[in-house]
Colleague: 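Here it is: the structure, laid out below.
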Amino acid sequence: MARALMISEVLKNTSKLKTKKERMEYLKSNDTPALRDIIRINYDEDIVSLVPAGNPPYKKDDAPDGHNLSTLHQKYRDFVYFFKGPYTNMNQMKRETMFIGLLESLHGDEAEMLVLAKDKNLKYKGITKLLCKEVWPNLIVK
């Protein structure tokens with residue numbers, strides 16, 4: 001059984017496609033809860049990071065693809081700790097330690113992509129807020 005593409009791979013592959021229709025179809029065919037969460041984190045103004053802006057001090061995982069401790073497909077449920085919501089009042093040191101632990105467990109590309117998304121700086125050619133709203137009409141609130 002083939003492994004699921006990492007979210008960073010899906011976004012990179014999408015950005016290489018020529019037409020809007022191809023990009024929309026590719027995103028739909030690779031739709032996962034983790035992908036939708038990354039898109040929401042990056043584009044939805046209602047999603048507010050509780051982790052300081054910028055790149056935290058973490059050790060980038062240099063394991064080859066498929067040999068990482070975890071993927072965003074496995075860990076996206078932990079996002080609830082890092083953004084405004086039910087765990088807003090959590091101890092900040094614990095939150096930041098958990099975030100660094102998450103980043104260190106992911107492939108370097110996925111970790112880098114998550115840091116960019118939390119800061120609303122994720123940019124891939126041809127992937128825009130408008131395109132994502134067309135692919136997932138009810139995903140981005142604001």
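Treat the numbers as computed from the prediction; the structure is a model and nothing was measured. Every heavy atom of this structure was used, including side-chain atoms; hydrogens, water molecules and symmetry mates were not.
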Colleague: Minimum heavy-atom separation for Tyr26 and Val10, please, with both atom names.
Modeller: CE2-O, 3.5 Å
Colleague: Check Lys120 with Glu45, please: is the shortest side-chain N to carboxylate O separation under 4.0 Å?
Modeller: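 No salt bridge links Glu45 with Lys120.
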Colleague: Return the NZ to CG distance between Lys118 and Leu103, rounded to the nearest 0.5 Å.
Modeller: 8.5 Å
Colleague: Locate the shortest heavy-atom distance separating Lys94 from Asn91; write the atom from each residue and the value.
Modeller: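 Looks like N-OD1, 2.9 Å.
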Colleague: Please examine the side chains of Met6 and Leu72, heavy atoms only from C-beta on, and report whether any two atoms are closer than 4.5 Å.
Modeller: no
Colleague: Any side-chain heavy atom of Met24 within less than 4.5 Å of one from Leu27?
Modeller: no
Colleague: Between Val115 and Gly54, what is the shortest heavy-atom contact and its length?
Modeller: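 Reported closest heavy-atom pair: CG1-O, 3.6 Å.
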Colleague: Does Glu134 pair with Lys20 as a salt bridge, N-O distance under 4.0 Å?
Modeller: yes
Colleague: Tell me, do Leu35 and Trp136 make a side-chain contact under 4.5 Å, heavy atoms counted?
Modeller: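 Leu35 reaches Trp136 side chain to side chain.
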Colleague: Does His73 use its side chain to pair, donor to acceptor, with the backbone of Leu5 at less than 3.5 Å?
Modeller: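 Checked: pair present.
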Colleague: Taking the side chain as C-beta and beyond, is there a heavy-atom pair between Lys28 and Asp31 under 4.5 Å?
Modeller: no
Colleague: Do you know the tightest heavy-atom contact between Gly108 and Lys60?
Modeller: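 Taking Gly108 first and Lys60 second, the nearest heavy atoms are CA-CE, 3.5 Å.
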Colleague: Which value, rounded to the nearest 0.5 Å, describes the distance between Tyr58 atom OH and Glu96 atom CD?
Modeller: 15.0 Å
Colleague: Donor-acceptor pair, Arg95 side chain versus Asn89 backbone, under 3.5 Å?
Modeller: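 Flag not set: sc Arg95 to bb Asn89 has no pair under 3.5 Å.
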Colleague: Arg23 side chain to Leu131 main-chain N or O, any donor-acceptor pair under 3.5 Å?
Modeller: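 No, Arg23 side chain to Leu131 backbone: no donor-acceptor pair under 3.5 Å.
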Colleague: Looking at CG of Leu114 and CG of Leu122, how far apart are the two atoms once the value is rounded to the nearest 0.5 Å?
Modeller: 9.5 Å
Colleague: Measure the spacing between CD1 of Ile47 and CG of Asn42 and express it to the nearest 0.5 Å.
Modeller: 11.0 Å
Colleague: Do Leu102 and Leu50 sit in the same hydrophobic cluster, where Ile, Leu, Val, Met, Phe, Trp and Tyr count as joined when their side-chain heavy atoms come under 4.5 Å apart?
Modeller: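 Cluster IDs for Leu102 and Leu50 differ.
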Colleague: How about Ile7 and Asn30: do any of their side-chain heavy atoms sit closer than 4.5 Å?
Modeller: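 Answer no - side chains too far apart.
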Colleague: With the threshold set at 4.0 Å, does a side-chain nitrogen-carboxylate oxygen contact exist between Asp109 and Lys12?
Modeller: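 The answer is yes: the pair qualifies as a salt bridge.
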Colleague: Nearest 0.5 angstrom please: Lys129 NZ to Ile140 CD1, how far?
Modeller: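 Output value for this atom pair is 6.5 Å.
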Colleague: Thr71 and Gln74: which non-hydrogen atoms are nearest, and at how many Å?
Modeller: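 It is N-OE1, 2.7 Å.
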Colleague: Under a single-linkage definition using a 4.5 Å side-chain heavy-atom cutoff for Ile, Leu, Val, Met, Phe, Trp and Tyr, are Val80 and Ile100 assigned to the same hydrophobic cluster?
Modeller: yes
Colleague: Transitively linked via ILVMFWY side-chain contacts under 4.5 Å: Phe83 with Leu139?
Modeller: yes
Colleague: Kindly say whether Asn121 contributes a backbone atom to a donor-acceptor pair with the side chain of Asp119 at under 3.5 angstrom?
Modeller: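 Checking the backbone N and O of Asn121 against the side chain of Asp119, no donor-acceptor pair under 3.5 Å is found.
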Colleague: With the 4.5 Å side-chain cut-off for hydrophobic clustering, are Val51 and Met90 part of the same group?
Modeller: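 Yes; Met90 is reachable from Val51 via cluster members.
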Colleague: Can you tell me how far OG of Ser29 sits from CD of Glu22, rounded to the nearest 0.5 angstrom?
Modeller: 11.5 Å
Colleague: Please walk me through it: do Tyr43 and Ile127 pass side chain to side chain contact (heavy atoms under 4.5 Å, CB included)?
Modeller: CA-CA 11 Å; Tyr43 290 117; Ile127 303 176; 4.1 Å; yes
Colleague: Quick one: sort the Phe82 and Phe99 rings into parallel, tilted or perpendicular, breaks at 30° and 60°.
Modeller: perpendicular
